[in-house]
J.: 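Can you keep this structure in mind? I'll have questions shortly.
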Amino acid sequence: MDSRRGLLVIALLFMSFIVYQQWQLDYHTPKPVTTEQTATSASDVPASSNGNNAVIAADAQAKGKIITLENDVFRLKINTSGGDVVGSELLKYDAELDSNTPFVLLQNTPQHVYIAQSGLIGKDGIDTKAGRADYQVDGDNFTLAAGQNELSVPLVYQKDGVTYRKIFTLKRGEYDIAVNYEINNQSDKTIEVEPYGQLRHSLVDSSGSVAMPTYTGGAYSSSETNYKKYSFSDMENANLSVNTKAGWVAILQHYFVSAWVPNQDVDNQLYTLTDKANNIGSIGYRGPVVAIQPNTTETLTSKLWTGPKLQNEMGQVANHLDLTVDYGWAWFIAKPLFWLLTFIQQLVHNWGVAIICVTLVVKAILYPLTKAQYTSMAKMRMLQPKLQEMRERFGEDRQRMSQEMMKLYKDEKVNPLGGCLPLLLQMPIFIALYWTFMEAVELRHAPFFGWIQDLSAQDPYYILPILMGASMFLLQKMSPTPVADPMQQKVMTFMPLIFMVFFLWFPAGLVLYWLVSNLITIIQQQLIYRGLEKKGLHTRHKK
């Protein structure tokens with residue numbers, strides 16, 4: 001396969017990939033993997049196992065007051081009515097580039113609802129149809145002090161001789177929050193409660209562009225499924241109901257995630273609910289019934305992650321939580337590439353330079369294949385006169401023609417597909433890097449030099465895409481021209497322009513990779529052809 005036809009194949013694969021991923025985002029609603037399906041309910045809390053259905057008033061919690069908890073990475077807003085997290089500001093991430101305004105993840109506004117709720121339902125639950133537990137707290141603002149590594153804030157509620165302490169624990173530098181219940185039963189009867197946690201989010205469509213689509217929606221992990229998306233469309237079609245030990249539930253968006261991680265040693269039920277009246281979807285977990293004997297204290301544990309998609313940190317919080325950084329089918333390439341990219345960045349302290357270095361490494365690894373590609377192309381061109389003679393001799397006898405061609409390739413020790421592999425290998429590597437830029441929050445707002453201040457966003461002046469298109473055109477002109485029909489020649493002439501137009505909206509870092517890759521290929525091509533000319537294997541085609 002000559003380089004031009006190979007480029008055409010890559011172009012078709014590339015365009016097919018873009019169309020496919022957008023179709024997946026817009027139209028693909030797989031059948032939910034459930035153990036039980038129930039009709040969509042307007043209730044925003046699951047029914048407890050004994051049939052009681054505690055209903056949280058839909059986000060209008062005027063009874064409580066808002067308190068603030070803060071460590072060095074985020075600022076949380078918690079409503080004392082129910083003890084729900086109704087706001088989170090990520091102090092290490094700007095909302096917009098150089099805005100000096102923290103990125104807001106969780107929020108509860110008339111325009112957009114995204115909150116993390118938790119509570120106790122069941123026979124003796126304190127979150128009932130009548131309302132939420134109204135916690136008391138000693139203070140309004142709590143901040144992790146200098147020299148402190150942990151901040152614990154208890155919210156206290158008392159009822160019928162039972163004291164409920166809902167304790168939020170924040171640690172320095174960490175985005176996971178321990179949300180634990182200490183239930184001290186000083187009554188004369190055994191009480192039964194069921195813990196739950198859920199994320200409520202306005203029903204929205206996934207956003208982004210054709211070149212940079214982003215997913216906003218649910219996801220979960222169970223003992224049967226390490227990671228599975230469950231979109232808002234899925235929630236509207238059928239409620240999720242999965243019984244599992246371990247697991248978690250999450251709401252994903254571009255670069256950020258919130259997730260409830262229940263006690264991993266007990267059986268939980270993962271569920272979704274849709275409140276169509278308020279245009280809100282919920283994904284959550286419900287724990288087992290816990291019986292608390294008189295004069296005893298029981299502790300119920302859970303964790304809430306609300307922050308950026310940090311793979312290593314999330315992997316330590318819960319098994320498979322790091323899979324929310326979704327590299328798609330190319331994960332087995334993307335993960336080592338991201339590790340290499342991160343390692344180099346720690347040495348050079350510039351993500352753009354790290355991308356260039358990774359490109360050099362990739363091209364060096366593929367060099368033996370690249371050399372074989374151009375050697376194969378040169379040998380194939382040497383055989384063109386013989387092949388043309390065969391076409392004239394055998395005419396329309398295609399079977400005989402194929403037999404003679406295969407014999408010629410065998411005699412001359414030429415692999416007609418020898419030029420394909422390096423070209424085809426570029427596509428999965430490109431896709432892996434594409435998803436790395438789409439998913440790795442480390443590259444968000446990462447500067448390069450000059451006008452490129454965010455490698456995860458498109459080039460604001462389109463300089464890199466234009467240079468990339470020019471490099472493709474130069475590579476095409478410097479490659480030996482095969483004998484081709486006029487239509488194919490026209491298609492190949494416009495291919496650099498077509499690629500350039502597509503790349504106008506791609507992340508600048510990805511365009512940088514392709515540009516540097518083209519420049520390295522041009523250098524490699526010239527070195528390989530000079531070596532072949534010395535061996536007499538390569539003769540330039542002259543028009």
Side-chain angles (χ1 to χ4, degrees), residues 10 14 17-18 93 97-98 208-209 211-212 214 254-255 308-312 325-328 330-367 370 422-423 425-472 474-475 496 499-500 502-524:
I10 287 181
F14 168 73
F17 161 69
I18 294 297
Y93 295 86
L97 182 64
D98 298 329
S209 63
M212 297 176 63
T214 57
H254 198 198
Y255 297 127
K309 295 179 181 177
L310 300 175
Q311 299 171 61
N312 292 335
V325 181
D326 190 355
Y327 293 129
W331 62 269
F332 61 95
I333 301 174
K335 283 199 169 185
L337 278 177
F338 178 72
W339 177 87
L340 179 61
L341 189 65
T342 303
F343 175 76
I344 295 175
Q345 193 276 337
Q346 292 172 347
L347 299 177
V348 300
H349 304 291
N350 184 293
W351 286 102
V353 175
I355 290 168
I356 293 174
C357 293
V358 166
T359 311
L360 289 168
V361 171
V362 170
K363 297 298 287 186
I365 293 173
L366 294 180
Y367 180 74
T370 303
L423 293 168
L425 279 178
Q426 290 183 44
M427 193 59 191
I429 293 173
F430 172 81
I431 292 173
L433 281 171
Y434 171 87
W435 283 116
T436 297
F437 278 95
M438 292 297 296
E439 290 289 309
V441 70
E442 291 85 353
L443 292 162
R444 180 180 184 265
H445 295 172
F448 180 36
F449 292 123
W451 73 100
I452 302 296
Q453 293 299 307
D454 185 357
L455 286 163
S456 69
Q458 66 188 60
D459 185 335
Y461 302 112
Y462 307 114
I463 295 174
L464 285 180
I466 292 173
L467 291 176
M468 189 277 300
S471 69
M472 286 189 68
L474 179 61
L475 181 60
F499 264 70
M500 185 189 73
F502 265 102
F503 274 67
L504 292 176
W505 291 277
F506 270 59
L510 198 62
V511 185
L512 177 64
Y513 164 79
W514 199 273
L515 169 62
V516 174
S517 179
N518 283 348
L519 295 177
I520 295 172
T521 300
I522 290 172
I523 295 171
Q524 289 180 336

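Residue numbers run from 1 in the order of the sequence given.
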J.: List the atom of V325, the atom of Q311, and the distance in Å for their closest heavy-atom pair.
T.: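 Result for this residue pair: CG2-CG, 3.4 Å.
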J.: So, do F338 and Y327 sit near enough that their side-chain heavy atoms are less than 4.5 Å apart?
T.: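 Yes, close enough: below the 4.5 Å cut-off.
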J.: Does the side chain of F506 come within less than 4.5 Å of L464's, by heavy atoms?
T.: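 A side-chain contact under 4.5 Å is absent here.
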J.: Calculate, to the nearest 0.5 Å, the distance between atoms CZ and CG belonging to F503 and L515 respectively.
T.: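 F503 CZ to L515 CG: 10.5 Å, rounded to 0.5 Å.
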J.: Considering all heavy atoms of both residues, which atom of P507 and which atom of S456 are nearest to each other, and what is their separation?
T.: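 In terms of heavy atoms, the two residues are closest at CB-O, 3.7 Å.
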J.: Quick one: closest heavy-atom pair of W451 and P460, and the distance?
T.: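 Scanning both residues, the minimum pair turns out to be O-CG, 3.9 Å.
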J.: Tell me, please, which residues at least two apart from E442 pass side-chain hydrogen bond (donor to acceptor under 3.5 Å, both in side chains).
T.: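 Not a single residue meets the side-chain hydrogen bond (donor to acceptor under 3.5 Å, both in side chains) criterion with E442.
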J.: Kindly write out the residues that satisfy side-chain hydrogen bond (donor to acceptor under 3.5 Å, both in side chains) with T436, not counting sequence neighbours, or none if the list is empty.
T.: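 Residues passing side-chain hydrogen bond (donor to acceptor under 3.5 Å, both in side chains) with T436: none at all.
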J.: Applying side-chain contact (heavy atoms from CB on, under 4.5 Å), run through L443 and L341 and close with a yes or a no.
T.: CA-CA 10 Å; L443 292 162; L341 189 65; 4.2 Å; yes
J.: To the nearest 0.5 Å, tell me how far E439 CD sits from Y434 OH.
T.: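 The OH atom of Y434 is 10.0 Å from CD of E439, to the nearest 0.5 Å.
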J.: Indicate yes or no: at least one non-hydrogen side-chain atom of M500 is less than 4.5 angstrom from one of M472.
T.: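 The answer is no; the side chains never approach within 4.5 Å.
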J.: Considering only heavy atoms from C-beta outward, does the side chain of V362 approach that of Y367 to under 4.5 Å?
T.: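 In short, these two side chains do not touch, never coming nearer than 4.5 Å.
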J.: Measure from the side-chain N and O atoms of T370 to the backbone N and O of L366, and report whether any donor-acceptor pair falls under 3.5 Å.
T.: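 It does hold such a pair.
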J.: Can you tell me if N518 uses its side chain to pair, donor with acceptor, with the backbone of S471 under 3.5 Å?
T.: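 Judged by distance alone, no pair lies under 3.5 Å.
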J.: Kindly give the heavy-atom pair with the smallest separation between P447 and L455, and that separation in Å.
T.: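 Heavy-atom minimum between the residues: O-CD1, 4.0 Å.
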J.: Just verifying a value: how many Å separate Y462 OH and L504 CG, rounded to the nearest 0.5 Å?
T.: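 Answer rounded to 0.5 Å: 6.5 Å.
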J.: Could you pull out all residues at least two apart from W339 that satisfy ring-ring contact (aromatic ring centres under 6.0 Å, His included)?
T.: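 Scan of W339 (ring-ring contact (aromatic ring centres under 6.0 Å, His included), adjacent residues dropped) gives F343.
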J.: Taking ring-ring contact (aromatic ring centres under 6.0 Å, His included) as the definition, give me every residue that meets it alongside Y93, ordered by chain and number, with sequence neighbours left out.
T.: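 Y93: ring-ring contact (aromatic ring centres under 6.0 Å, His included) contacts with F256.
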J.: Anything under 30° is parallel, anything over 60° is perpendicular, the rest tilted; go ahead and classify W514 against F430.
T.: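 Ring orientation of W514 relative to F430: perpendicular.
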J.: For T521, which residues count as a side-chain hydrogen bond (donor to acceptor under 3.5 Å, both in side chains) partner, sequence neighbours excluded?
T.: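 Per chain and number, T521 pairs via side-chain hydrogen bond (donor to acceptor under 3.5 Å, both in side chains) with K363.
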J.: Between V358 and Y513, is any pair of side-chain heavy atoms under 4.5 Å apart?
T.: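 No. Closest side-chain heavy atoms not under 4.5 Å.
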J.: To check you understand the geometry: which heavy-atom pair defines the closest contact between G469 and P496, and what is its length?
T.: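 Minimum heavy-atom contact is O-CB, 3.6 Å.
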J.: Check side-chain hydrogen bond (donor to acceptor under 3.5 Å, both in side chains) between Q345 and all other residues, then give those that pass, not counting sequence neighbours.
T.: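 Partners of Q345 by the side-chain hydrogen bond (donor to acceptor under 3.5 Å, both in side chains) criterion come out as none, since no residue qualifies.
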J.: Using the rule given for side-chain contact (heavy atoms from CB on, under 4.5 Å), can you reason through F448 versus D454, listing the C-alpha separation, both sets of side-chain angles and the distance that settles it, and then say yes or no?
T.: CA-CA 7 Å; F448 180 36; D454 185 357; over 6 Å; no
J.: Is there a side-chain contact between V511 and D459 in this structure, where contact means two heavy atoms from C-beta onward sitting under 4.5 Å apart?
T.: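 No - every pair of side-chain heavy atoms lies 4.5 Å or more apart.
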